[in-house]
2 protein chains.
Amino acid sequence: MPVLRNIGFLARCLPEGAQADIHPIRNAALAWEGKTIAWIGPEVDLPSEFQAWATEDAEGRLVVPGLVDCHTHLAFGGWRSDEFEARLLGKSYLEIAAAGGGIASTVRHTREATRDALLERCRGFLVGMARLGVTTVECKSGYGLSVERELVLLEVYAELARTERMGIVSTLLGAHIVPPEYRDRRTAYVDLLVDELIPAVARARLAQFCDVFVEQSAFSVAEARRILLAGKAVGLRPKLHADQLSDGGGALLAAEVGAASADHLEYISDSGIAAMARAGVVAVSLPLASVYLGQPPLRARRLIDAGVAVGVATDFNPGSAPSYDLHLALFLACTLERMTPAEVLKGATIIAARALGLEDSAGCLAARRAADFAVIDAPDPTFWMYHFRPETCLRTVRQGETVWFRGRSPSCA
Amino acid sequence: MPVLRNIGFLARCLPEGAQADIHPIRNAALAWEGKTIAWIGPEVDLPSEFQAWATEDAEGRLVVPGLVDCHTHLAFGGWRSDEFEARLLGKSYLEIAAAGGGIASTVRHTREATRDALLERCRGFLVGMARLGVTTVECKSGYGLSVERELVLLEVYAELARTERMGIVSTLLGAHIVPPEYRDRRTAYVDLLVDELIPAVARARLAQFCDVFVEQSAFSVAEARRILLAGKAVGLRPKLHADQLSDGGGALLAAEVGAASADHLEYISDSGIAAMARAGVVAVSLPLASVYLGQPPLRARRLIDAGVAVGVATDFNPGSAPSYDLHLALFLACTLERMTPAEVLKGATIIAARALGLEDSAGCLAARRAADFAVIDAPDPTFWMYHFRPETCLRTVRQGETVWFRGRSPSCA
């Protein structure tokens with residue numbers, strides 16, 4: 001039953017209020033018991049009953065809710081560093097895909113990988129993420145693209161949820177691309193998803209969400225609508241990859257089907273923004289993907305001004321965003337998309353939790369909530385984003401348990 | 001007398017050849033004795049005399065020359081995180097400067113700082129840099145802006161050079177801005193630089209370079225010419241901050257005075273590029289500053305195609321680039337400026353060394369050169385930039401001595 005005292009700046013990130021309102025408490029204390037926060041508030045108000053608890057000293061540092069990475073493709077085989085170099089030299093994402101690279105290349109490698117090999121790699125990535133302050137990760141399938149191999153990926157995630165000290169949310173992304181063997185009969189692939197894969201995933205309770213990549217090179221709006229409604233009918237909430245490479249009407253569809261989130265959105269139209277605001281769909285900014293692909297930055301200010309809640313995530317995958325560095329994604333959302341440090345912090349905590357249907361259990365710090373938090377070597381969120389450097393996360397606590405601890409950061413200035 | 005064997009990819013980064021030619025050796029070995037490389041080459045060719053030396057195993061990883069950060073403003077007082085947030089909300093660098101913020105604000109805080117406080121902070125930063133693989137750092141004065149206080153900053157650097165396990169190169173940047181007390185008599189300040197500060201620095205051998213910030217808000221081309229030629233006359237090689245916020249003719253002046261480098265250059269003109277190519281001036285890209293300030297990326301491909309060698313550095317300072325993360329700077333030079341991983345690696349090693357007049361002693365790996373190198377958890381430079389994540393530098397060796405060691409990186413995938 002520890003009490004963390006002398007917290008210089010505690011960002012609670014409650015669900016209510018504007019995107020920039022992170023509900024700060026200066027000179028705060030945080031007490032937890034087992035997996036749950038027992039008390040939180042200004043240290044001077046700490047009730048006497050907690051005075052006897054074991055004290056830990058935050059040394060004036062920043063404490064934030066455990067970060068939520070609400071968009072990753074965690075399990076994959078192989079890498080695609082050759083495409084990274086090809087893109088720098090001018091090849092486009094769609095050109096690379098047309099030449100047999102891109103997602104199809106990762107599908108080949110993932111199908112060849114054993115379940116154990118996939119598990120082992122995912123575990124390594126989750127360790128790296130925990131060292132950044134992340135306590136919850138959304139994981140998409142989408143590199144199997146057959147009933148059998150999509151189930152393998154989702155079972156890998158189920159195994160991680162059982163064994164790793166990380167919150168895991170699983171998303172079926174059977175509709176990532178049309179797999180090569182269905183190229184000339186794409187309707188048959190959509191039938192397979194609707195008639196077999198989605199029901200199988202729902203029966204086995206292997207995912208909470210059903211996602212579709214709506215794009216010229218992937219699925220049309222009409223195909224996506226059919227897939228998402230089929231998922232919704234069996235309890236899988238819709239999510240979309242939308243308007244990433246062109247305005248393909250994905251944001252409008254997200255609003256129409258009541259998606260939990262629409263992600264990417266570099267090319268979202270003004271009518272798409274208005275529709276998402278009306279429907280309360282979370283927009284998820286993926287600035288690493290924008291930067292890796294040389295895309296224009298998301299018009300995040302426009303979305304926020306229109307009343308859309310903007311989450312920020314990594315999109316970690318071996319092609320368009322081969323980095324799980326959520327700290328860097330937040331920094332890029334500030335510098336390239338002009339979100340403020342408070343806005344990106346809320347975007348990677350309670351808003352990301354909302355994009356995962358976890359608004360009642362993750363992403364914010366309050367009594368009776370999970371004791372998921374990170375201690376950051378900065379006096380406040382602005383400084384954390386401003387003086388960007390690695391190794392700023394000193395400690396990560398998930399459900400009351402310390403899952404990462406670093407004594408001190410290399411330069412404490 | 002150790003031999004590092006089983007190096008998967010060794011990038012020698014010799015001075016000759018194109019920017020993209022990093023002179024790789026696969027399956028390499030590297031032997032050093034004292035401060036110096038004794039032998040380097042394919043492991044199969046390792047001469048018998050080295051077979052008995054103590055063996056260390058690089059486990060197939062990447063070895064690169066110790067990185068050279070050829071542009072930093074290491075010693076400063078205070079921070080300016082408030083300006084970071086103001087810029088995100090739309091204030092420009094020049095607006096902030098006009099309101100008393102910007103460099104002038106750091107000058108106030110630096111003048112108030114004691115020498116010991118400055119030293120202590122610099123030491124912390126150097127520790128953080130060494131953990132990134134950096135073995136040589138250029139350090140500019142420029143926040144003192146009086147004879148006495150500029151000398152203090154350069155003496156701090158001289159002390160670091162004596163006590164820290166890091167190569168230090170000092171640059172006098174007395175011409176950073178015109179200090180507030182000289183606002184209405186700027187010529188008197190230029191006189192002070194030319195008549196007193198530059199001779200004093202040269203006498204005390206406290207700097208190798210003399211730098212000028214050529215910009216509307218700082219110094220004109222005519223003023224810069226006078227200052228740089230005065231420095232050159234007493235042995236301080238010219239360097240320039242040029243064409244950062246507008247095309248101010250800085251690149252042309254750099255070529256005219258035979259500068260070692262011209263840095264920033266986001267707004268360089270085509271004639272500026274041609275002049276730098278003819279004069280052999282190194283262009284130093286500072287992508288962190290571009291990103292922090294919301295500037296357009298440097299046209300690095302244009303410079304490289306014109307035959308200009310492009311270095312890459314951090315510009316670490318509390319205003320326009322409050323990050324010493326050279327790894328991130330290299331990543332941004334790839335993704336935003338379309339330099340290839342090999343090009344940025346050469347840019348932060350032998351080309352950066354050339355920008356510091358160290359082309360004969362730093363930034364490349366060859367027999368009889370200094371044993372300055374880093375072991376990176378990646379199979380090659382492309383993968384290092386592609387799978388961006390913190391904590392990839394496993395070991396940093398400077399002059400044969402291990403100055404940073406990390407057992408393994410968090411995710412070895």
Side-chain angles (χ1 to χ4, degrees), chain A residues 79-85 87-90 120-132 288 290-294 301 318 322-325 327-328 331-332 334-343 378-380 382-392 404 409-413, chain B residues 79-85 87-90 120-132 288 290-294 301 318 322-325 327-328 331-332 334-343 378-380 382-392 404 409-413:
Chain A
W79 291 99
R80 281 148 54 198
S81 63
D82 51 331
E83 294 179 15
F84 173 71
E85 187 135 13
R87 277 201 310 274
L88 298 181
L89 295 171
E120 202 46 47
R121 281 184 123 197
C122 287
R123 289 194 169 115
F125 298 145
L126 292 179
V127 169
M129 293 164 126
R131 289 166 83 121
L132 295 163
L288 286 163
S290 311
V291 163
Y292 270 105
L293 294 185
R301 290 248 62 80
S323 173
Y324 56 70
D325 193 339
H327 182 206
L328 177 57
F331 172 76
L332 295 173
C334 287
T335 49
L336 301 180
E337 301 176 1
R338 301 287 161 197
M339 291 176 70
T340 65
E343 287 170 342
D380 56 52
T382 298
F383 193 92
W384 186 29
M385 291 300 126
Y386 154 80
H387 180 30
F388 186 89
R389 62 199 210 281
E391 307 189 63
T392 51
W404 161 244
S409 70
S411 86
C412 312
Chain B
W79 290 99
R80 279 150 54 198
S81 63
D82 51 331
E83 294 179 16
F84 173 71
E85 187 136 11
R87 276 202 309 275
L88 297 181
L89 295 171
E120 203 46 47
R121 280 185 124 196
C122 287
R123 288 194 169 115
F125 298 144
L126 292 178
V127 169
M129 293 164 125
R131 290 167 82 121
L132 296 163
L288 286 165
S290 310
V291 163
Y292 271 104
L293 294 185
R301 290 249 62 80
S323 173
Y324 56 70
D325 192 338
H327 182 206
L328 177 57
F331 172 77
L332 295 172
C334 287
T335 49
L336 301 180
E337 301 176 2
R338 300 286 159 198
M339 292 177 70
T340 65
E343 287 170 342
D380 57 51
T382 297
F383 193 92
W384 186 29
M385 291 299 127
Y386 155 78
H387 181 29
F388 186 89
R389 62 200 209 282
E391 308 188 64
T392 51
W404 161 242
S409 70
S411 86
C412 311

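Per chain, numbering begins at 1; letters A, B, ... match sequence-line order. Model, not experiment: these values are computed from the prediction.
By the ring pair (Phe, Tyr, Trp, His ring centres under 6.0 Å) test, B/Trp384 pairs with B/His327, sequence neighbours left out. Residues satisfying the salt bridge (charged side-chain N to carboxylate O under 4.0 Å, His left out) criterion with A/Arg301, sequence neighbours excluded, are A/Glu343.
In this structure, the separation between CD on B/Glu391 and CG on A/Asp325 is 10.0 Å, given to the nearest 0.5 Å. With rounding to the nearest 0.5 Å, the separation of OG1 in A/Thr335 from CG in B/Leu332 is 8.0 Å. One distance of note links CG of B/Leu328 with CZ of A/Arg389; it measures 13.5 Å at 0.5 Å rounding. Here the straight-line distance linking atom CG of A/Leu336 with atom CG of B/Leu336 works out to 6.5 Å at 0.5 Å rounding. Rounding to the nearest 0.5 Å places CD of A/Glu85 at 5.5 Å from OG1 of B/Thr340.
In this structure a side-chain-to-backbone donor-acceptor pair under 3.5 Å is missing from B/Tyr386 to A/Ser323.
What you find for A/Thr382 and B/Ser81 is that their closest heavy atoms are CG2-O, 3.5 Å. The minimum heavy-atom distance between B/Tyr324 and A/His387, with the atom names listed, is CE2-CE1, 4.0 Å.
Only the backbone of B/Leu293 comes within less than 4.5 Å of a heavy atom in chain A; its side chain stays farther off. With a 4.5 Å cut-off on non-hydrogen atoms, A/Arg80 touches chain B through its backbone and its side chain both. For A/Met385, the parts lying under 4.5 angstrom from a heavy atom of chain B are both the backbone and the side chain.
Interface remark: of the candidates A/Gly294, A/Cys334, A/Ala130, A/Cys334 forms the most heavy-atom pairs closer than 4.5 Å to chain B. Residue with the most contacts toward chain A among B/Pro341, B/Pro322, B/Ala342: B/Pro322 (heavy-atom pairs, distance under 4.5 Å).
Taking the six-membered ring where the residue is Trp, the centroids of A/Phe388 and B/Phe84 are separated by 6.0 Å or more.
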